[in-house]
Amino acid sequence: MYVILIGISLVILVLFLRSLYARKVQYKALSGLPGPPSNYLWGNLFQFSKNIEDTFESLVQLNNHYGSIVVLWANPWKPLVVLSHPKFIERVLSTNMHVSKTSLYEGMKPFLGQSLVTSDVDTWKRQRKLINPAFQPRIFESFIPVFEFHGNKLINILKKKGENAIIDVPEFIDLYVLDTICELMTNVRTNFQETSDNGYLEARSNYLTIFMNRAYSWLKRIDAYFSYTREHQIQQKCVEVLKKFSQFLLDTRRESRKKQQALGTDDELNKTVLDLFLDAGVPEHILRDHIDTFIVAGHDTPGSTIAFALYELSRHPKLQAKVLEESTQILGRDPNTVITVQDSQNMNYLECVIKETLRHRTTIPAHERLLDEDITIDGITLPKRTEVSIAIYATHHDEKYFPNPNTFDPDRFLPENADKIQPYTYLPFTKGPRDCIGKTMAMLLMKSIITKLRIGKGKKIVNPPLQPKLYDLYMPIFNYDSKKCIDMLEKEKEKCIIALQHFVDLYILDTICD
Ligand code: HEM
């Protein structure tokens, strides 16, 4: 017995000494980099664990205060190097190396398992290759009936509300995108737009809220601690609800595939992500993880971008006029015209508006990678296994790369100006082998619904006296009832809904009802 206890103690001691040594080496390598003053023992722990809003604000301000390579010791044992330096970003993103994810993504694993966003490198490579056909240009035409069906439904719902109704447009857009993405990913037609109250949205919102809380609290990132918290219990309940929904999509698609195969009507050319995974014989629980991954990755980002693009257009009548003129030239004046892929691709000015929205209101402000080997540039070395954060929001708002960064100016993306944008400073979908697989689909979807909403009739423009706060930009993720779990977000949620509802929705209602 004693021998076993001594053995275990020795193993623990050796592991502790090893990690102490590794930390010493890492501290030596990184301590010369700029960053907020940190203590050797507890790093910047007490500066970055107040609440989500402070953390977001602090991270964004870092680059202004300390420059484009900043080291943070928010977790004293796991430093994070925040990069907004295009040369370093290029070195990380432009090769087949450094595609591993960091500890940040562990918090998504109870929901997404080992799927594209969260999987290890070998699994990710296989999965990405397998589903590539579902995102190739040759199948884009098959998206059009889906955009049309759910887009027309949205227009009808908004029309029925009547002129004096107060409409939370981000919520309506959100439901439209959710229905559209579910069908594009699984070939199953859902109806969130008319029956939104099924618990799925609330569960997903609460899960993501807790994920964000964990992401910015080193303590909550420790499984041994987190598994005893109330948030963990809530998260488990959320996962149960979420998995029921993906199981429903899976069962429904299996049934319809059987019928199609029996009738010989299955579409061999236009396969969805789910069909490709089903063909590959992926086990049941992993199929559910994949469904969840694609719905979560493909939903909030276009949803909030569309809401913000509409918001910006409501504030800039001249830009609206340009967008309207362009869509009238391409589509004519019949509101029932179907928008083809070619039409969408010809909408160059609308594309500039969306690109500028993705810059100005960067939907994913940062993402992380683990370095596979040392990187040295200009005498600065980041050692292998350093966790780096690619601070997209910071490059998008750096005066050096985007003059007057807080001005909404789609002309930056006109062909004559776009060439001047420095490589690796504009990264809404990130770049490299692990970039956003849904970027072209997202652009088609966003163009289709913004055009369908016929923004720019130019009747009544609401001029907002307020700007949404930085944190509001991330609020569409938390748009549903998060009361039960995170009280502190309530105030912010209201602010966001008021800001967007008041300034975007009334405008859209006016123009659409017109
Ligand atoms: C405005 C819309 C969108 C934006 C701004 C966006 C942005 C991004 C970014 C920045 C990443 C990298 C995240 C990381 O590495 O942590 C990413 C990855 C991803 N996105 Fe998107 N995305 C959008 C729409 C979509 C859509 C519509 C889909 C699918 C239907 C999608 C599916 C994915 C997937 C599966 C990944 C993981 C890719 C991989 O690891 O190989 N995204 N997206």
Side-chain angles (χ1 to χ4, degrees), residues 89 92-93 96 98-108 112 114-132 134-135 139-140 143 146-147 173-174 176-186 211 215 272-274 276-277 289-309 351 353-370 387-393 395-396 426-450 473-474 476-477:
I89 294 179
V92 176
L93 297 180
N96 285 331
H98 322 301
V99 279
S100 310
K101 297 286 178 91
T102 63
S103 52
L104 171 73
Y105 298 79
E106 292 295 315
M108 286 308 277
L112 306 182
Q114 274 286 330
S115 61
L116 207 67
V117 173
T118 40
S119 52
D120 61 74
V121 175
D122 289 339
T123 317
W124 163 76
K125 273 187 192 152
R126 281 196 306 276
Q127 291 169 346
R128 180 115 184 182
K129 202 169 156 202
L130 184 73
I131 45 127
N132 241 339
F135 296 92
I139 80 152
F140 290 169
F143 303 163
V146 182
F147 294 160
I173 296 285
D174 195 47
Y176 156 78
V177 177
L178 184 55
D179 277 336
T180 308
I181 288 296
C182 282
E183 187 161 348
L184 292 176
M185 296 297 108
T186 65
F211 166 72
T272 62
V273 165
L274 178 56
L276 292 166
F277 280 128
D289 294 343
H290 288 314
I291 295 174
D292 288 328
T293 295
F294 279 89
I295 293 177
V296 89
H299 170 207
D300 287 318
T301 40
S304 45
T305 308
I306 295 162
F308 278 117
E351 184 153 326
V353 168
I354 294 172
K355 283 182 172 168
E356 176 65 346
T357 307
L358 286 165
R359 181 199 68 81
H360 191 42
R361 309 285 186 188
T362 312
T363 334
I364 298 191
H367 64 83
E368 296 185 7
R369 295 284 188 268
L370 186 68
E387 295 196 341
V388 298
S389 169
I390 310 292
I392 306 176
Y393 187 90
T395 64
H396 286 185
Y426 181 65
L427 300 158
F429 298 104
T430 191
K431 277 194 192 297
R434 208 159 187 178
D435 69 346
C436 173
I437 197 167
K439 55 187 182 301
T440 316
M441 179 187 279
M443 192 53 97
L444 291 171
L445 185 156
M446 293 189 286
K447 283 180 166 180
S448 162
I449 194 63
I450 293 175
L473 305 185
Y474 309 99
I477 293 174

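Note: hydrogens, waters and symmetry copies are ignored here, and every other heavy atom, side chains too, is used. The residues of the chain are indexed from 1 along the displayed sequence. Read the numbers this way: they start at 1 and go in the same order the structure lists the ligands and their atoms.
- In this structure, Glu387 and Ser103 have side chains that are in contact, with non-hydrogen atoms separated by less than 4.5 Å.
- For atom 21 (Fe) of ligand 1, protein N/O/S neighbours under 2.8 Å (waters excluded) are Cys436 SG.
- Within the 4.0 Å heavy-atom cutoff, Asp435 counts among the residues contacting ligand 1.
- The two residues Ile306 and Met446 have their closest heavy-atom pair at CG1-CG, 3.7 Å.
- At least one side-chain heavy atom of Lys101 sits less than 4.5 Å from a side-chain heavy atom of Val117.
- Using 4.0 Å as the threshold, Lys101 has a heavy atom nearer than that to some atom of ligand 1.
- Checked against a 3.5 angstrom limit, the closest N/O atoms of Glu368 and ligand 1 fall outside it.
- Side-chain contact between Ile450 and Val353: absent, with no pair of heavy atoms (C-beta onward) separated by less than 4.5 Å.
- For ligand 1, the polar-atom distance check finds an N/O of Arg434 within less than 3.5 Å of one of the ligand's N/O atoms.
- Given atom 30 (C) of ligand 1, the protein heavy atom at minimum distance is Met185 CE, 3.5 Å.
- To the nearest 0.5 Å, atoms NZ (Lys431) and CD1 (Ile392) are separated by 10.5 Å.
- By the 3.5 Å distance cut-off applied to N or O atoms, Thr363 is not counted among the residues near ligand 1.
- Atoms of ligand 1 lying under 4.0 Å from at least one heavy atom of Val117, given by number and element, are 37 (C).
- In summary, the atoms of ligand 1 found under 4.0 Å from a heavy atom of Arg128, numbered by their order in the structure, are 38 (C), 39 (C), 41 (O).
- In this structure, atom 12 (C) of ligand 1 lies nearest to the protein heavy atom Thr430 CG2, 3.6 Å.
- Annotation: atom 13 (C) of ligand 1 to nearest protein heavy atom, His367 CB, 4.2 Å.
- Residues meeting the side chain to side chain contact (heavy atoms under 4.5 Å, CB included) test with Asn96, sequence neighbours left out: Pro433.
- At least one N or O atom of Arg369 sits closer than 3.5 Å to an N or O atom of ligand 1.
- Between Met443 and ligand 1 there is no heavy-atom distance shorter than 4.0 Å.
- With no hydrogens or angles considered, no side-chain donor-acceptor pair links Thr363 and Thr301 at under 3.5 Å.
- Proximity of a side-chain donor or acceptor of Glu351 to a complementary backbone N or O of Met443 within less than 3.5 Å is not detected.
- The distance from ligand 1 to the heavy atoms of Thr305 drops below 4.0 Å at these ligand atoms: 1 (C).
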**Study point:** Worked verdict on Ile291 versus Val273 for side chain to side chain contact (heavy atoms under 4.5 Å, CB included)
**Key:** CA-CA 8 Å; Ile291 295 174; Val273 165; over 6 Å; no
